[in-house]
Structure formats: C-alpha cells, structure tokens
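Below: one structure, written as structure tokens.
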Amino acid sequence: MAVEHHSAVAGTALGMTLSQQQPARQTVAATAVVPAFALVDCNNFYASCEKLFRPDLANKAVVVLSNNDGCVVARCPLAKQLGVRMGIPAFQLRPLLQTGAVVAFSSNYALYADMSARVMQTLAELAPAVEVYSIDEAFLDVSGLSAADRAQLGQQIRQRIRQWLGISVCVGIAPSKTLAKLANAAAKHYPATGGVVDLTDPVRQRKLLALTPVGEVWGIGNKLSQRLQTLQINTALQLATADAGWIRQQFSVVEQRIVQELNGQSCLRLEDLPQPKQQIISSRSFGTVICDRQQMSEALCEYISRACQKLRQEQQQACQLTVFLRTSPFARQPYYADSRSGRLALPSSDTRDFFQLLPALLAAIWRDGHRYNKAGVMLTDFYPAMQVQPDLFASASSADPTGRGPQLMQVLDLINHSGHGKIWFAGQGIRQCWQMKRQSLSPAYTTNWQQLAWVR
DNA sequence: TCTGGGGTCCTAGGACCC
DNA sequence: TCTGGGGTCCTAGGACCC
C-alpha cells in the first residue's frame, strides 16, 4: 500500500524544480551499465479498485476497511481531504458514514488480487524484468535507458495502465531502490511532476533528500527514526551524509545499506524471480469473541486447513506448526496471549498430520474465562515437496495409513478450486459463528461469473 | 460493542563441538 | 606497551515492509 506522506513538506518549490525535465548529461555508457530502477506504485489501490466498478461514487469519499471491518486501510483522495486518517478504527468513522459523506467497503481481496495481476501483466510487457514487490507496487529494471527514454517510459506506463485498467499509478526512477521509493513518493506528492520523477541526477537527489524527514526513508520505521533523531539525524540528507561504517556500528548492516542506497549506490538487486516462502501464516480476528474451547479448536482447524492448502500450492512441505491465540489488547479485561509449537517427525503437507498436533498445543495455551478475539497458526521449517528425505527410523504418518494422502489432498484442492462447491474436515466446524465480519463487501466483479458488473 | 493480516531480515545469546 | 578460545547452529525477539 502507499506510504503515508507528511503534508508539512514545502511542496511547490520542489514540485517546480522536479517537473522541469532537465535534459541530463547523457553519458554514453560504453562500460558497465549503471543500474536503474523504476518503482511503479498504484495510487490508493484498494479504494481505486472499488471506485472503478462504481462510477456513481466518482465524486464520493470512499474508504476500504481491513479484514473484519476493523480499521481504515485505504482512502481515495476525497476521503483524505475530509480528514479520514489511515488506520483509524471503523467505529470512529460512523458519523461520516451515517451522513453519507463517506462510503466504506469491506476488503475484497479477490478483486484486488485480480486487478493487481492485470497491472503486473501490463508492466511485464513494458520492461525486461519486473519484481512484484507488493500487491500494488513493482520495481522495473530500466538500466541502460537515456534520460529521454526513461521519461517517455514513465509516461507510457502511466498512460497504458490508466487506459487499459482504469488505475492511476506514479513512477519513481533512480539508481537505487531506496531512491526510487523516494522518487515515487515525490511523484505522488507533487502533482506538478506529472506523476513521474526521475532522480538520476545527484543534485536533484540531494534536493529531495534535504526535504525528506528521515522517518520517510524506506526501511526507517518509528523506532529507528527516534534513535536517529537523538543522534541529530533528522533528514534523509543527514542520514545520507553520515559515515556508513559508523551507522553500521550504531545500528546494523541494514542501516548501512540504506546509507549507501541513499547515495545512489545500489545494494538491493531486482528480485525478479520470486523466492520460495519460508513461513506461512493463517490468522484472523474473530467476528465475535470466542470463549468456548470447541469453537477455538474449529477456528484453528480452519486456519491449519488454509495454511496447508497454501503450502501445497507452494509445492513445499513443513515440519513445524505454531499455534497462537490472544485476547483483545484494547479490551478492559487483562490481556492474555500465548503460543506453542509442535513438530512432525517427517515434513508433510497433509492437513491431517497438522490436525493431529493441534489438541496438545491448544491444551497447553488455552485458559478458561478469557474472551479471545484472535488466533492463528504458522507453518515453518520448509522442505521442497520434491526433495523430502525420508527418516530411516521414523514410521510413516499415522494420519495417512493408506499412503495415498498426496492424492487425497490433490482431490480436495481440485474440488475447492473448481467453483462448484467446497468440502472440508469436520474439525473445521459447520456453523463457524466466529467468522470475520464483512458487512460492506463489494461483488467479485472480475473473478465470478455470477457477479459481473452490469452495463445498461 | 466496534482497532487487520502476512511476510522478511538481522542480531544477540546460548548450546555445543573441537 | 598492553592483549589469546574459535566456530557453528539454533531460537527468540525486535525491527521493518505493504
């Protein structure tokens, strides 16, 4: 999602300088090609997806809520103008919703994921290498292009994604990913840039860095920002001009890399081949709190089942299962949270193997009398499904006496992906009264034949 | 009443080996 | 000048990202 921007930065002056496309000195690089990255980031992505299929809301303030309709995670520009802050709990929004000043949607992940895939597919046609960094962002390899070509490509990306998909994006171009992030933020913040900022020129880099609070640098969060400020480092420029070795001593190699990246020295390469996952988490806040152990067990079975399905999709197997639960940190009752891990003798992706670990883990962390509002499971310690080493001494899975578990899981996944119905284990429960709240869910316009948009 | 979910990386420190 | 356990693996916890 888009980073929040501080509005206090003196904008117009920089907007003007950045927008003047200075014909940069063009070094014809006969030697090694200097790396260049373009960061393409969709504007207000979730809110844009919702508005796309609701032209009647074009002039309305629209926000999208987190899972469980918990808090605001995306806002269209009109909602920002109304002063709706990122992350506020949905109940604080109620007055604005009741007057009709703001329209809220539940998270429609099916829609956003599908729109995201279309954006990424479009980008793949425009650059030799693309790293899908998040649902609404991608880094592109634009090394070796002239300044004029970079500017033209930036505009072409914007134009094509707007025309083909109705989504507006901004583009930041720079010799390192960290600078490309800052360039993108500037493109979003200053309309005079035309939505594309090329930060190849060191002079312009310094200008922007001087205007950027250090906490807005990619990789500098709240804690680091505070520590840096006690060291009199308040702006991105002050961080860039700090001694990299000293920063490493004070912090770690991560922060040292940030310093180098801010100086245009690329330390983070384009990860265009997606790496296999190292952990899979499935967790949810409940629509209503759970006080009953049987219901908790059902919810955890549901999460195990989802996690294992993802694991199979990744073509991996796992050895370790962690189960966690907690009460609400906002409730008046004393806070309680705990977790336990258990191991399989052999890696597996068979849902039933992980079900067998659950009763003991849940027994170890369950306390009667609490009002639990969230729980989840985590799978770790992965092995590629094709290269699992059997254990000479461990017996085969007792959950799979026939040895045909893999085929069974495959059939299960096929049925559940077919669109013709679902099957599940009895342990997952039938009524699932703890299911999350999604009271303002929009249709799956692009992924379900029954829910296509109508044009009259 | 009502406050998200899913990831990664790094470091410190303990256990253990030689 | 003064000065000598080194190295690996694992886990928990903390920071960050969107």
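Letters A, B, ... mirror the listed sequences (proteins, then strands); counts begin at 1.
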*For DNA chain C, determine which residues of residues 220-239 of chain A have any heavy atom closer than 4.0 angstrom to one of its atoms, and list them numerically.*
A:I220, A:G221, A:N222, A:K223, A:L224
*Residue that, paired with A:Y372, satisfies ring pair (Phe, Tyr, Trp, His ring centres under 6.0 Å) out of A:W366, A:F324, A:F286*: A:W366
Would you list the atom pairs, donor with acceptor, under 3.5 Å between side chains in residues 273-284 of chain A and any protein atom, with sequence neighbours excluded?
from	atom 1	to	atom 2	distance (Å)
A:Q275	NE2	A:L273	O	3.1

*Qualifying residue, where the test is side-chain contact (heavy atoms from CB on, under 4.5 Å) with A:L39 and the options are A:K177, A:E131, A:E137*: A:E137
*asked:* Can you work out whether A:Q275 or A:F91 has the more 5'-proximal nearest nucleotide on DNA chain B?
replied: A:F91
*So what does A:R284 hit on the nucleic acid, given a heavy-atom distance under 4.0 Å: a base, only sugar-phosphate, or nothing?*
sugar-phosphate
*Considering non-hydrogen atoms only, spot the tightest contact between A:A79 and A:V62 and give its length.*
CB-O, 3.7 Å
*Sequence neighbours left out, what passes side-chain hydrogen bond (donor to acceptor under 3.5 Å, both in side chains) with A:Q316? Give chain and number order.*
none
_Nucleotides bounding contact with chain A, strand DNA chain B, heavy-atom threshold 4.0 Å_ = B:dT1 to B:dT11
*So what does A:R438 touch, heavy atoms closer than 4.0 Å: a base, only the sugar-phosphate, or nothing?*
nothing
*Would you indicate what A:S328 reaches in the nucleic acid, counting non-hydrogen atoms under 4.0 angstrom: base, sugar-phosphate, or nothing?*
nothing
*Considering all heavy atoms of both residues, which atom of A:T235 and which atom of A:L209 are nearest to each other, and what is their separation?*
CB-O, 4.1 Å
*Hey, does A:Q92 reach any base, or is it just sugar-phosphate, or nothing, if we go heavy atoms under 4.0 Å?*
nothing
*Range-with-range stems for DNA chain B, at least three Watson-Crick or G-U pairs under 3.5 Å*: B:5-18 with C:5-18
*asked:* Just to be sure I understand the rule, does A:K374 reach a base, reach only the sugar-phosphate, or reach nothing, if contact means heavy atoms closer than 4.0 Å?
replied: sugar-phosphate
*A:D141 side chain reached by A:D272 side chain, heavy atoms, under 4.5 Å*: no
*With no hydrogens and no angle check, is any side-chain donor or acceptor of A:Q260 less than 3.5 Å from a backbone partner on A:Q265?*
no
*With no hydrogens and no angle check, do the side chains of A:T178 and A:R257 hold a donor and an acceptor under 3.5 Å apart?*
no
*Donor-acceptor contact below 3.5 Å, side chain A:Q295 vs main chain A:W434*: no
*Not counting sequence neighbours, list each pair that qualifies as a ring pair (Phe, Tyr, Trp, His ring centres under 6.0 Å) and has a residue in residues 81-134 of chain A.*
A:Y46-A:Y112, A:Y133-A:F139, A:Y133-A:W218
*Earlier contact from the 5' end, DNA chain B, for A:V254 and A:S285*: A:S285
